[in-house]
> 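Below: one structure in structure tokens.
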Amino acid sequence: MYYPKILDYQDDIRSGYEGQGMGDGCFLCYTRFMNNREIAKLLREIAASYVILSEDRFRIIAYGRAADSIEKSTVEAEQLWKEGKLTSVPGIGGSLAAHLGELLKTGKVKHFEDIKSKIPEAVFPLLDIPGFGAKKAYRLVSELKLDNAKNAIKDLSAAAKSGKIASIEGFGNKSQQDILDALKRLKEGQVKENRMPLPYAGAIADDILSYLSKCEYTLQAEFLGSLRRRVATIGDIDIAVSTRNPKEVVDWFLAYPQKEKQVEKGTAGATILLKSGRQVDLRVQYPGRFGAMLQYFTGSKNHNIHLREVALKKRLSLSEYGMKALSKEAEMYKLTGASYSKKEKMFEFPDEKSLYRALDMQYIPPEMREDTGEIEAAGTNKLPDIIGLSDIKGELHIHSNYDLEPSHDLGISSLKEILTTAKSMNYEYVGISDHNPSVSKHTKEDVVHIMERRKHEFEHIMLSNKSIRVNLFIMMEIDILPDGKLALPEEAFNYIDAAVVSIHSGFTIGTGMMTKRVLSALSHPKAKILGHPTGRLLGKRPGYDLDWQQIFKFCFENNKAIEINSYPDRLDLPDSLVREAIKNRVKLVIDTDSHDKEHMSLMKYGVSVARRGWAKKDDILNTLPYNKVKDWLLKP
DNA sequence: GCCGTTTTCGGCCCGACTGTTTTCAGTCG
């Protein structure tokens, strides 16, 4: 199995990340900046309070849905509020928008405080414990008379250890032990987001998938869940197998060589823990019902909820097994590709295409299933034809091993190796974008000389490797300095065709300054691409903020492209911003930022980011043939 | 609470699992 190697980004980390949580000019603010995660938590506390108060269940659902939605939003609620666009978040209507406005303006909400005042404070910390909902938390707080929110977890733990919980009505020894286990996990931080970047999960899952395909009873094996939707970070790995012999497939799965231990085993599937500590769930299903299962476990949750609502309007109840007919009329439907089980009054779907067709929709690719308009679009035949891996004709951001004494890391593959790999991928061209020579270690003249030498050597290599027939752009990835200038002397630009410009230091200067800095760098006629535009490192660093509307406007008007960087820890531009960029008619390029020829195969992950951002082929410049890319890249 | 090619009022997704039950409530995905 091929695992992408992790490069040393220590430079980035040392110079950049100093934590976040405060907005610009926070010292002048009287109220603390409240981020989306904190707002979501507050909304969930209100939902929990309503549960305890036996408030209308649909109101409770509404608060929970709003919390999910706010947490997932890539734009901070504060920003949306300032722009008067809070109600653009699905699940936020007039009432919640007003409450959140009050929250962001004054730091509190009268209505929320009234509700929370009716609930013992100690309930809220307990909501973080796995397996705890509002009712259980409230019950225990009342029975055990926990009156101190700060010590609630500790007090609960003490009560469990002394055996007090088992004697409470409705609880027993098992639930007492479960609570102790859950508290242990909470303490160890296992509950907190422990997600890995998609390409790592993809590499693990590819190996399991190929192992499962070797089982003689496997008819079809697919990813499920966030992995199949190609979300940037993945928790558990979920896999589905279509088979007529479920038991044999489950046993085969349990014999996987990388298995550390078996967690669960049932007739419909099994769960194992890998030696790497990652959990893998397998689901098995008969071929006739495989489509419904695949659809159900691929999600997302919101997509499924919406889809079931559509089904209900046709008097069909959608579940992981198929669609149950709820009326005489529905029983008579003729659904192409589906079969009908009279006994269960259930339509069964061998594949997803027939399932979506049954609801009078276009097939929706997994990457788009987030309930952000795809269901409406598919119902009116307006789903965009999104880009595929085979549309890519080359890429423009690869690091070679040519030593021009850069301030960042060198690649390890030679130009010739890169060309050969590109050829094997059917690329028409590559752009070699090595890091610029270190500014501190050289004089201006040194740099110009190094650049001149590099150009000549590359041209020489091209001449002696004509038979490979892949075109070359001699490019450079240039640091954007804190003052917005580029870390390359003007004379040295004569020796490159074009540049990717990126930020590698000074990450915490605030949105306004950062935006100016980037726009200044992009103003250079040879600066054509903004590299890894948010600077995020998944799970390590959130990235800096830019005024995207300004950036998009500038890029559109000046023919600059924004990069989707496929490097495993980056996947940057993030999918939601890809969609925004496209709405603003900005062109994108998908690059791998390869430091090794092996990394070039990671292109598929950049493409999946583009697909999640609803990018069509003509939104992505490196789907163009060589001559057209050349026209754009070399035009001053 | 939200939301709208059946609606500005009257709807609002589906099923599995678990522990404690003796028919179900709570939690989860």
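Letters go in sequence order (proteins before strands), and every chain restarts at 1.
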> Heavy atoms only, 4.0 Å cut-off, all strands: where does A:Ile60 land among base, sugar-phosphate and nothing?
nothing
> Within this structure, what is the CD-to-C1' distance between A:Glu309 and B:dG11, rounded to whole angstrom?
10 Å
> Any pair with a residue in residues 140-150 of chain A that passes side chain to side chain donor-acceptor pair (under 3.5 Å), sequence neighbours left out, goes on the list, sorted by first then second residue, please.
A:Arg139-A:Glu143
> Protein-nucleotides 3-10 of chain B N/O pairs closer than 3.5 Å?
unit_1 : atom_1 : unit_2  : atom_2 : d
B:dC3  : OP1    : A:Gly91 : N      : 3.0

> Starting at the 5' end of DNA chain B, which residue's closest nucleotide do you reach first, A:His111 or A:Gly172?
A:His111
> Counting any heavy atom closer than 4.0 Å, what does A:Leu307 reach on the DNA or RNA strands: base, sugar-phosphate only, or nothing?
nothing
> Any ion pair linking A:Lys105 and A:Glu102 (charged N to carboxylate O, less than 4.0 Å)?
no
> According to side-chain hydrogen bond (donor to acceptor under 3.5 Å, both in side chains), who are the partners of A:Gln549, at least two apart in sequence or on a separate chain?
none
> How close or far is atom C1' of B:dC2 from atom CD1 of A:Ile305, stated in whole angstroms?
13 Å
> Quickly work out the A:Leu100 CG to B:dG1 C1' distance and round it to whole Å.
12 Å
> Anything under 3.5 Å between a donor and an acceptor, one on a side chain of residues 48-62 of chain A, the other on a protein residue two or more places apart or in another chain? List them.
unit_1  : atom_1 : unit_2   : atom_2 : d
A:Ser49 : OG     : A:Glu45  : O      : 2.8
A:Tyr50 : OH     : A:His111 : NE2    : 3.1
A:Glu55 : OE1    : A:Arg59  : NH1    : 3.4
A:Asp56 : OD2    : A:Phe58  : N      : 3.4
A:Asp56 : OD2    : A:Arg59  : N      : 3.2

> Does the pair A:Glu329/A:Arg315 count as a salt bridge with the N-to-O cut at 4.0 Å?
no
> Rounded to the nearest Å, what distance is computed from the CZ atom of residue A:Arg59 to the P atom of nucleotide B:dC2?
9 Å
> Listing time: all N or O pairs from protein to nucleotides 25-28 of chain B that are below 3.5 Å?
unit_1 : atom_1 : unit_2   : atom_2 : d
B:dG26 : OP1    : A:Lys135 : NZ     : 3.4
B:dG26 : OP2    : A:Lys135 : NZ     : 3.2
B:dT27 : OP1    : A:Gly133 : N      : 2.6
B:dT27 : OP1    : A:Gly133 : O      : 3.1
B:dT27 : OP1    : A:Lys136 : N      : 3.1
B:dC28 : OP1    : A:Gly131 : N      : 2.8

> Pairing check on B:dA16: which nucleotide meets the Watson-Crick or G-U wobble criteria with it, both distances under 3.5 Å?
B:dT27
> Classify A:Asn304 by what it touches in the nucleic acid, base, sugar-phosphate, or nothing, heavy-atom distance under 4.0 Å.
nothing
> Of all the nucleotides listed (B:dG1, B:dC14, B:dT20), which has the minimum atom distance to the side chain of A:Lys174?
B:dT20
> Closer than 4.0 angstrom, basic N to acidic O: yes or no for A:Lys314 and A:Asp360?
yes
> Applying side-chain hydrogen bond (donor to acceptor under 3.5 Å, both in side chains), name anything that partners A:Asp385, two or more places apart in sequence or on another chain.
none
